[in-house]
Structure formats: structure tokens, C-alpha cells
Amino acid sequence: MKELDLLKKDWKKTATNFEQVSEKEIYAMLHKNSSSVVKWILIISILEVSLWTVLGFSFNADEYFSKLHRPEVVLLIKGLTYLNYFVVLIFIYLFYKNYQKISAISSTKKLMKDILKTRNTVQYYVWYNLGMIVFSLIIGIMIAFTYNPEMVELRDKLTMNPKALSITILLVLVVILVFFVAFWAFYRLLYGFLLRRLLTNYNELKKIDF
């Protein structure tokens, strides 16, 4: 935003009859910058989904499912997976629509409204993903302990030892918390910078009065 700061300084030195031109120049710069930010949000979200998809295919799910001997559990897992992809694709579609709206020429108020809408959509997307990560970990651990034959011996030992069971539950909660914090930091790094740039643009637009 160095260019914007220089333009604003020059604006203050300009005569009153050129003030409207400078306002339009600032608006054009903010409009272009906001459109670029939203485009990167769209690109990053697509790359993110592609990464998780590749990692998912690298995991031999069929071999793991065959150990469970529970078709209804396998169906539940696959159903949740498809549902998650469906929701994520909806968010990506919303990012694309937001990019289209912001890229189009609009008034200052319309641009400000679209910026806020985009920021809210990204925040909902991040919190949805964090919620799904925690939910998936809990479901995955419960299924593993309940239906995986390799866990039978451990499950029996924990059942016979309440203290060990309490410690195990505590460790599981700690692991889930660590994953939550790690992914929260990941998403903050991934989208936080872009959201801050949008917020800066929004605050600059508030100062413009057409």
C-alpha cells in the first residue's frame, strides 16, 4: 500500500479543483487491490482443497475400512467426506462470486459492502474447517477405539483400569487441542494477511466521500 500512501500525500498538496480526480485515483487503486486480494483468496482455497485431496488419496482408506468390518460405519465416513467436499465447494463458489462482484466497477458503498461480505465468508470458511477438523478427529478416534480389531487389546486394558482410561482421554483431548491450535495458526497465516489488507482497504474507502 506504499503507492496509496504516496498518492494520499500528493492529494493533500493538490489544489481543491483537482480533489475529485485524486479521489477517483485512490478509489481505483483500492478497487484494484481488493480485487487482487479476493483473487488470491480464491486461488489459495482451490490449492488448499487440492492439497487435502492429494493427501487423502495417499492414505489407503480401503485397506483401513476393510479392517473395520462395519459397512454402516464405512458408509457414514464416506458420507461425511462427500458432505465436507460439497460444503467446501460451495465456499469456493462463493469466493468466486465475491471476486466477480468486486472486480466489476461499482460505487464506493457497494465495494465496501462486498469487502465486508468477502471477509465474513472467509472467516466462516476458516471456522467451518476448524470445526470439521475437531469433529473428524473425535469421530475417527471413537471409530478406531470401537471398531478397529487392532485396538481390542488396548480397549480391554483401559476398561479394566479407570485411571489409565482417564489419562488416555486427557491425552486425546490434548492432541485434539494441539491439532486445533496448529491448524488455527495455519489458517491465520494463510488467510490472515489477505483479510488484513481487505480491512485496510475498507477503512480507506470510508474516508472517501463521493
Side-chain angles (χ1 to χ4, degrees), residues 36-103 114-151 154-155 168-199:
S36 175
V37 170
V38 179
K39 180 179 71 174
W40 274 109
I41 289 174
L42 175 62
I43 292 173
I44 290 174
S45 65
I46 294 174
L47 292 176
E48 180 196 349
V49 173
S50 301
L51 173 63
W52 296 132
T53 302
V54 170
L55 292 176
F57 279 120
S58 65
F59 173 70
N60 195 345
D62 291 334
E63 181 180 347
Y64 176 74
F65 290 154
S66 64
K67 296 178 181 179
L68 300 180
H69 304 292
R70 290 280 183 168
E72 69 278 8
V73 175
V74 175
L75 185 62
L76 173 64
I77 295 173
K78 290 184 177 181
L80 290 174
T81 301
Y82 293 141
L83 177 62
N84 180 55
Y85 272 109
F86 177 73
V87 174
V88 169
L89 288 176
I90 288 177
F91 273 110
I92 290 177
Y93 172 75
L94 292 176
F95 293 155
Y96 173 71
K97 294 299 290 183
N98 288 338
Y99 171 65
Q100 280 189 319
K101 290 179 180 179
I102 287 183
S103 297
D114 288 338
I115 286 176
L116 287 181
K117 184 178 179 180
T118 300
R119 293 188 79 251
N120 289 336
T121 305
V122 174
Q123 289 171 345
Y124 292 147
Y125 172 72
V126 170
W127 283 111
Y128 168 79
N129 281 332
L130 291 175
M132 279 302 298
I133 289 168
V134 173
F135 178 75
S136 299
L137 284 172
I138 294 173
I139 293 297
I141 292 170
M142 290 177 60
I143 290 174
F145 269 91
T146 305
Y147 300 110
N148 193 338
E150 297 177 0
M151 303 295 292
L154 176 60
R155 186 171 67 242
T168 302
I169 293 174
L170 180 62
L171 288 175
V172 168
L173 292 176
V174 170
V175 169
I176 292 174
L177 179 62
V178 169
F179 268 91
F180 178 84
V181 172
F183 277 98
W184 175 82
F186 169 75
Y187 280 115
R188 184 174 178 82
L189 178 65
L190 200 61
Y191 294 103
F193 172 70
L194 296 174
L195 291 182
R196 285 193 294 273
R197 284 179 62 182
L198 281 180
L199 182 61

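Just so it is clear, the values below take in all heavy atoms, side chains as well, and ignore hydrogens, waters and symmetry mates.
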Could you tell me whether a side-chain N or O of S45 sits under 3.5 Å from a main-chain N or O of L42, the two making a donor and an acceptor? yes

Any chance you could measure R119, atom CZ, to L194, atom CG, to the nearest 0.5 Å? 11.0 Å

Using a 3.5 Å cut-off and no angle test, enumerate the donor-acceptor pairs between side-chain atoms of residues 79-87 and protein atoms at least two apart in sequence or in another chain.
residue, atom, partner, partner atom, Å
T81, OG1, I77, O, 2.8
N84, OD1, Y128, OH, 2.9
Y85, OH, T53, OG1, 3.1

Taking the side chain as everything from C-beta on, heavy atoms only, tell me whether L195 gets closer than 4.5 Å to L199. no

Start with the C-alpha distance between V122 and N98, add both sets of side-chain angles, then the distance that settles side chain to side chain contact (heavy atoms under 4.5 Å, CB included), and finish with yes or no. CA-CA 11 Å; V122 174; N98 288 338; over 6 Å; no

Aromatic plane relationship, F95 with F91 - under 30° parallel, 30 to 60° tilted, over 60° perpendicular: tilted

For the atom pair CH2 (W127) and CH2 (W184), what is the distance rounded to the nearest 0.5 Å? 8.0 Å

Given side chain to side chain contact (heavy atoms under 4.5 Å, CB included), test L198 with I41 step by step and report yes or no. CA-CA 11 Å; L198 281 180; I41 289 174; 4.1 Å; yes

Could you tell me the separation between the CG atom of L89 and the CG atom of L94, rounded to the nearest 0.5 Å? 11.0 Å

Spacing of Q123 atom CD and T118 atom OG1 [to the nearest 0.5 Å]: 11.0 Å

Give, for atom CG of L116 and atom OG1 of T121, the distance between the pair rounded to the nearest 0.5 Å. 10.5 Å

Please determine whether the number of non-hydrogen atoms from other residues, nucleotides or ligands lying under 6.0 Å from atom CZ of F193 exceeds 12. no

Out of curiosity, L47 CG to W40 CH2, how far, rounded to the nearest 0.5 Å? 8.0 Å

Qualifying residues under side chain to side chain donor-acceptor pair (under 3.5 Å), relative to Y187, sequence neighbours excluded: E48, N129

Can V88 and Y125 be said to form a side chain to side chain contact (heavy atoms under 4.5 Å, CB included), step by step? CA-CA 8 Å; V88 169; Y125 172 72; 4.2 Å; yes

Side chain to side chain contact (heavy atoms under 4.5 Å, CB included) between L130 and F180, worked out: CA-CA 7 Å; L130 291 175; F180 178 84; 3.9 Å; yes

Would the number of heavy atoms belonging to other residues, nucleotides or ligands and lying under 6.0 Å from OH of Y96 be above 12? no

